[in-house]
**Q** 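Below are the structure tokens for one structure; questions will follow.
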Amino acid sequence: MIKKCLFPVAGYGTRFLPATKSMPKEMLPIVNKPLVQYGVEEALDAGLYEIGFVTGRGKRAINDHFDTNYELEKEIAGSGKEELLTGIRDVINRGTFSTTRQREMAGLGNAILTGQTLIGDEPFGVVLADDLCFGEGPGVLSQMVELYKQFRCTIVAIQEVPSDQIEKFGVIAGEQIREDVFRVTDMVEKPKAEDAPSNLAIIGRYILTPDIFDIIRDTPAGKNGEVQITDALLTQAKRGAVMAYKFKGRRYDCGSIQGFIDATNYCYENIYQG
Ligand code: UTP
């Protein structure tokens with residue numbers, strides 16, 4: 001039903017300079033796997049096999065990662081190291097990978113609009129790969145696809161965050177319709193703690209219906225002069241419905257040093273099989 005997943009990966013990753021000066025932030029490894037591969041695996045596990053990257057300058061390594069490296073394959077064929085490529089080979093075989101480029105870093109809303117050419121007129125997933133998510137049971141996108149089957153509208157993943165963190169996020173106000181589902185009534189991008197409508201912050205997983213593209217096109221630049229997806233989502237919520245889903249699992253903001261370190265420790269102790 002939902003087949004496509006968009007990965008906006010054009011950002012500069014300035015919080016990780018100088019590591020990200022010539023290397024995409026999304027290729028930073030958590031233990032031995034790049035961030036973006038975790039996200040792609042989550043999308044594939046949710047049945048979203050058509051992967052679209054919105055890239056920018058200096059992001060070629062992402063495309064190369066999801067393609068065969070013949071020289072390397074030949075070099076290690078038959079050796080004990082071959083099995084280290086099994087995981088990524090499997091990912092490459094399960095999905096298709098397409099790319100379009102965002103010409104200027106005009107914000108997440110603009111990046112998603114740039115991806116319209118890869119998506120067309122159907123509902124789709126969005127993964128911000130620097131938000132590394134581990135679902136309790138099924139992955140977070142899989143949980144959201146299940147919810148989409150019920151509500152058939154845009155769904156954003158949310159998480160409770162402490163008040164000293166709230167100004168890093170888009171924050172929702174909503175009418176609670178289930179223990180873990182809110183119908184969105186308001187959204188504010190990066191509010192000050194005292195202005196935040198709740199402690200429910202939007203994280204980097206979305207299922208969007210395609211009417212979002214026209215809405216983004218009509219959305220003026222907001223905070224920081226960027227087209228904010230939060231502003232477009234609020235319009236969508238007011239015209240129809242947007243659901244916010246408190247996912248089951250954990251999330252690490254790997255675009256920040258602390259989140260990156262925490263994710264690395266968690267993965268090394270709980271997920272990495274060396
Ligand atoms: P972030 O703000 O977390 O990423 O955007 P950033 O700008 O790369 O990071 P810093 O703040 O400079 O360290 C969230 C996601 O949206 C993508 C980013 O690549 C990231 O995955 N993005 C953001 C775009 O693709 N295009 C944009 O214009 C902005």
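Whatever order the structure lists ligands and atoms in, that order sets their numbers, starting from 1. Counting from 1, the numbers follow the sequence of the chain as shown. Any value given below was found using the heavy atoms of this structure, including those in side chains, with hydrogens, waters and symmetry copies removed.
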**Q** My understanding is that we take every heavy atom of each candidate and find the minimum distance to atom 7 (O) of ligand 1. Doing that for Phe53, Tyr12, Phe7, which one comes out nearest?
**A**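 Residue with the shortest heavy-atom distance to the ligand atom: Tyr12.
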**Q** Does CD belonging to Glu75 count more than 12 external heavy atoms closer than 6.0 Å?
**A**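 Not more than 12 within 6.0 Å, no.
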**Q** Which residue holds the protein heavy atom closest to atom 2 (O) of ligand 1, what is that atom called, and what is the gap in Å?
**A**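 Heavy-atom neighbour on the protein nearest atom 2 (O) of ligand 1: Arg15 NH2, 4.4 Å.
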**Q** Look only at interatomic distance and state if Gly255 has a nitrogen or oxygen under 3.5 Å from any nitrogen or oxygen of ligand 1.
**A**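 The answer is no, given that Gly255 and ligand 1 share no N or O pair closer than 3.5 Å.
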**Q** Check whether the side chains of Glu73 and Asn69 place a donor and an acceptor atom closer than 3.5 Å, and report yes or no.
**A**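 No pair is found: no donor N or O on one side chain lies under 3.5 Å from an acceptor on the other.
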**Q** What protein heavy atom sits nearest atom 14 (C) of ligand 1, and how far off is it?
**A**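 Of every protein heavy atom, Leu128 CD1, 4.1 Å lies nearest to atom 14 (C) of ligand 1.
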**Q** Has Ala129 got any heavy atom lying under 4.0 angstrom from an atom of ligand 1?
**A**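 Heavy atoms of Ala129 never come under 4.0 Å of ligand 1.
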**Q** Can you sort out which atoms of ligand 1 are near Leu108, meaning under 4.0 Å from one of its heavy atoms?
**A**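 Per the distance check, 16 (O), 29 (C).
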**Q** If you draw a 6.0 Å radius around CD in Glu194, do more than 12 non-hydrogen atoms from other residues or ligands fall strictly inside?
**A**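 For Glu194, atom CD is crowded (more than 12 foreign heavy atoms under 6.0 Å).
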**Q** Give me the nearest non-hydrogen protein atom to atom 25 (O) of ligand 1 as residue plus atom name, then the distance to 0.1 Å.
**A**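 Closest protein heavy atom to atom 25 (O) of ligand 1: Ala10 N, 2.9 Å.
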**Q** Under 4.0 Å from ligand 1, counting heavy atoms only, is it the side chain of Ala111, its backbone, both or neither?
**A**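 Answer for Ala111: side chain.
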**Q** Please confirm whether Glu26 comes under 4.0 Å of ligand 1, counting heavy atoms of the residue only.
**A**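 It does; at least one heavy atom falls under 4.0 Å.
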**Q** Would you say the ring centers of Tyr148 and Tyr245 fall short of 6.0 Å from each other?
**A**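 Distance test on ring centres: not under 6.0 Å, no.
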**Q** Which pair of heavy atoms, one from Phe7 and one from Ala129, lies closest together, and at what distance?
**A**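 It is CD2-CB, 4.5 Å.
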**Q** Give the contacting part of Gln102 toward ligand 1: side chain, backbone, both or neither, where contact means a heavy-atom distance below 4.0 Å.
**A**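 Side chain only.
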**Q** Find the distance between CE (Met187) and CD (Gln236) and round it off to the nearest 0.5 Å.
**A**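 Going from CE on Met187 over to CD on Gln236, the span is 8.5 Å.
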**Q** Taking atom 5 (O) of ligand 1 as the reference point, report whether a protein heavy atom occurs under 4.0 Å from it.
**A**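 Protein heavy atoms within 4.0 Å of atom 5 (O) of ligand 1 - there are none.
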**Q** Counting from 1, what ligand 1 atoms have a heavy atom of Ala106 closer than 4.0 Å?
**A**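 That gives atoms 28 (O) of ligand 1.
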**Q** Does an N or O anywhere in Phe16 fall below 3.5 Å from an N or O of ligand 1?
**A**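 No.
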**Q** Considering only protein heavy atoms, which is closest to atom 17 (C) of ligand 1, and at what distance to one decimal place?
**A**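 Looking only at protein heavy atoms, the one closest to atom 17 (C) of ligand 1 is Pro8 O, 3.5 Å.
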**Q** Looking just at side-chain N and O atoms, do Gln159 and Arg250 make a donor-acceptor pair shorter than 3.5 Å?
**A**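 There is no such pair (donor and acceptor under 3.5 Å, judged by atom type) between the side chains of Gln159 and Arg250.
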**Q** So, taking the atom named OG1 in Thr219 and the one named CG in Asn110, what distance separates them when rounded to the nearest 0.5 Å?
**A**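 Here the rounded value is 11.0 Å.
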**Q** Give the residue, atom name and distance (to 0.1 Å) of the protein heavy atom nearest atom 1 (P) of ligand 1.
**A**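 In this structure, atom 1 (P) of ligand 1 has Lys25 NZ, 4.0 Å as its nearest protein heavy atom.
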**Q** Please work out whether the ring planes of Tyr252 and Phe134 are parallel, tilted or perpendicular, with thresholds of 30° and 60°.
**A**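 Perpendicular, since the angle between the ring planes exceeds 60°.
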**Q** What part of Thr14, side chain from CB on, backbone N/CA/C/O, both or neither, has a heavy atom under 4.0 Å from ligand 1?
**A**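 The answer is both.
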**Q** Assess Lys33 against Tyr38: is NZ or CZ under 6.0 Å from the centre of the six-membered ring, and within 45 degrees of the ring's axis?
**A**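 Because its charged atom sits under 6.0 Å from the ring centre and within 45° of the axis, Lys33 does stack over Tyr38.
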**Q** Using a 4.0 Å heavy-atom cut-off, which part of Glu104 comes near ligand 1: side chain, backbone, both, or neither?
**A**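 Contact part for Glu104 vs ligand 1: neither.
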**Q** Could you tell me whether Asp130 approaches ligand 1 through its side chain, its backbone, both or neither, with non-hydrogen atoms closer than 4.0 Å?
**A**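 Just the side chain.
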**Q** Using a strict 4.0 Å cut-off to heavy atoms of Met105, name the atoms of ligand 1 that fall inside it.
**A**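 Listed by number with element: 28 (O).
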**Q** Can you list the steps and then say if Phe260 with Phe16 is a ring pair (Phe, Tyr, Trp, His ring centres under 6.0 Å)?
**A** CA-CA 10 Å; Phe260 182 84; Phe16 258 94; 5.2 Å; yes
**Q** Regarding ligand 1, does Gly11 bring an N or O atom to under 3.5 Å of one of the ligand's N or O atoms?
**A**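 Yes, Gly11 has an N/O under 3.5 Å of an N/O on ligand 1.
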**Q** If we only consider heavy atoms of Asn110, is any one of them less than 4.0 Å away from an atom in ligand 1?
**A**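 No, Asn110 has no heavy atoms under 4.0 Å from ligand 1.
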**Q** Considering residues, nucleotides and ligands other than Arg217, do more than 12 of their heavy atoms fall under 6.0 Å from its CZ?
**A**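 Count over threshold, so yes.
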**Q** Starting from the C-alpha separation in whole Å, work towards a yes-or-no answer on side-chain contact (heavy atoms from CB on, under 4.5 Å) for Leu234 and Val242.
**A** CA-CA 8 Å; Leu234 181 57; Val242 169; over 6 Å; no
**Q** Which residue owns the protein heavy atom closest to atom 8 (O) of ligand 1, what's the atom, and how far is it?
**A**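 Nearest protein contact, heavy atoms only, for atom 8 (O) of ligand 1 is Gly13 N, 2.8 Å.
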**Q** Count the heavy atoms belonging to other residues, nucleotides or ligands that lie under 6.0 Å from NZ of Lys248, then report whether that count exceeds 12.
**A**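 Enclosed: over 12 neighbouring heavy atoms sit under 6.0 Å from NZ of Lys248.
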**Q** Identify the closest protein heavy atom to atom 28 (O) of ligand 1: which residue and atom is it, and at what distance?
**A**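 The closest one turns out to be Gly107 N, 2.9 Å.
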